[in-house]
Amino acid sequence: MSRDPAVYKDPEKFAPERFYPEQEGGAAEPFLVGPFGFGRRICVGRHLAQASVWIFIATLIATVDVSKPLGHDGRRIEQPITLSTGLSSHPGKFNVVFKPRSSESEDLLVDTLSHAQ
Ligand code: HEM
C-alpha cells in the first residue's frame, strides 16, 4: 500500500517532503493509514505512537550527526541496505555512528537520559 506507484510518485525513493501540503511546495501525497489498522478496532495508541516517534526523530536530528562508520583506511564503510519481508518490513543490521553536534548537545542528551532512568 505504501509503495503503490498509482498513489506515490517514485515510491521507493526516501522523500518525506512528498507529504507536504501543496501550499508548502509538496505533492500532498496521502499519509499511510494501514500501519495502525482500520475501522472500530484501529490502534487506540496511534497518536501517542506517532507523537513519540516525532519527538524521538526531532531530538535525534537536532542533537547528533549520523554517519557511516570509518574503516581502517579512513574511508566511509558502505553497507548494503536490506529489508525483511512479511507482515511488516524491518531493515537489516547496519552500523552507524552517532556523534553529538556540540558539547551542549551532548550535555542535553546525557541530562535527558539521566532523568528518563
Ligand atoms: C508504532 C507503534 C504502533 C503500531 C504500529 C500499532 C499498530 C496497531 C495495530 C495494527 C493494531 C490492530 C488494529 C486493528 O485490529 O485494526 C493495534 C491495536 C491496538 N493498539 Fe497499537 N500500535 C502502536 C502503538 C500502540 C501504543 C503506543 C498503544 C498504547 C499506548 C497501542 C495500543 C493498542 C491497543 C489497545 C490496540 C487494540 C485496539 C482494539 O482492539 O480496539 N498501540 N495497534
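Just so it is clear, the values below take in all heavy atoms, side chains as well, and ignore hydrogens, waters and symmetry mates. Counting convention: from 1, in listed order, for ligands and their atoms alike.
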### Query
If every non-hydrogen atom of P69 is compared with every non-hydrogen atom of V96, which pair is closest and at what distance?
CD-CA, 4.2 Å
Heavy-atom neighbours of [X] [atom1] exceed 12 at 6.0 Å:
| X | atom1 | answer |
| --- | --- | --- |
| F31 | CZ | no |
| Y20 | OH | no |
| F94 | CZ | no |

### Summary
Applied to residues 23-40, the salt bridge (charged side-chain N to carboxylate O under 4.0 Å, His left out) test, sequence neighbours excluded, yields R18-E29
### Query
Which protein atoms of type N, O or S are found under 2.8 Å from atom 21 (Fe) of ligand 1?
C43 SG
### Task
Could you check atom 7 (C) of ligand 1 against the protein and tell me its nearest heavy-atom contact, residue, atom and distance included?
P35 O, 3.4 Å
### Query
Tell me, which protein residue and heavy-atom name are nearest atom 15 (O) of ligand 1, and how many Å apart are they?
R41 O, 3.5 Å
### Per-atom contacts of ligand 1 with L48, taking only distances under 4.0 Å to non-hydrogen atoms
30 (C)
### Under 4.0 Å to a heavy atom of F38 - the qualifying atoms of ligand 1, by number
16 (O)
### Message
Please tell me if atom 37 (C) of ligand 1 is touched by the protein, where touching means a protein heavy-atom distance below 4.0 Å.
### Response
no
### Query
Could you give all pairs that pass the side-chain hydrogen bond (donor to acceptor under 3.5 Å, both in side chains) test and reach residues 71-81, with sequence neighbours left out?
K68-E78
### Residues in side chain to side chain donor-acceptor pair (under 3.5 Å) contact with H47, at least two apart in sequence or another chain
none
### Message
Between ligand 1 and R40, is the shortest N or O to N or O distance under 3.5 Å?
### Response
no
### Query
Would you say the side-chain atoms of R3 pair up with the backbone N or O of Y8, donor to acceptor, closer than 3.5 Å?
no
### Message
So, taking the atom named CG in L60 and the one named CG in L109, what distance separates them when rounded to the nearest 0.5 Å?
### Response
8.5 Å
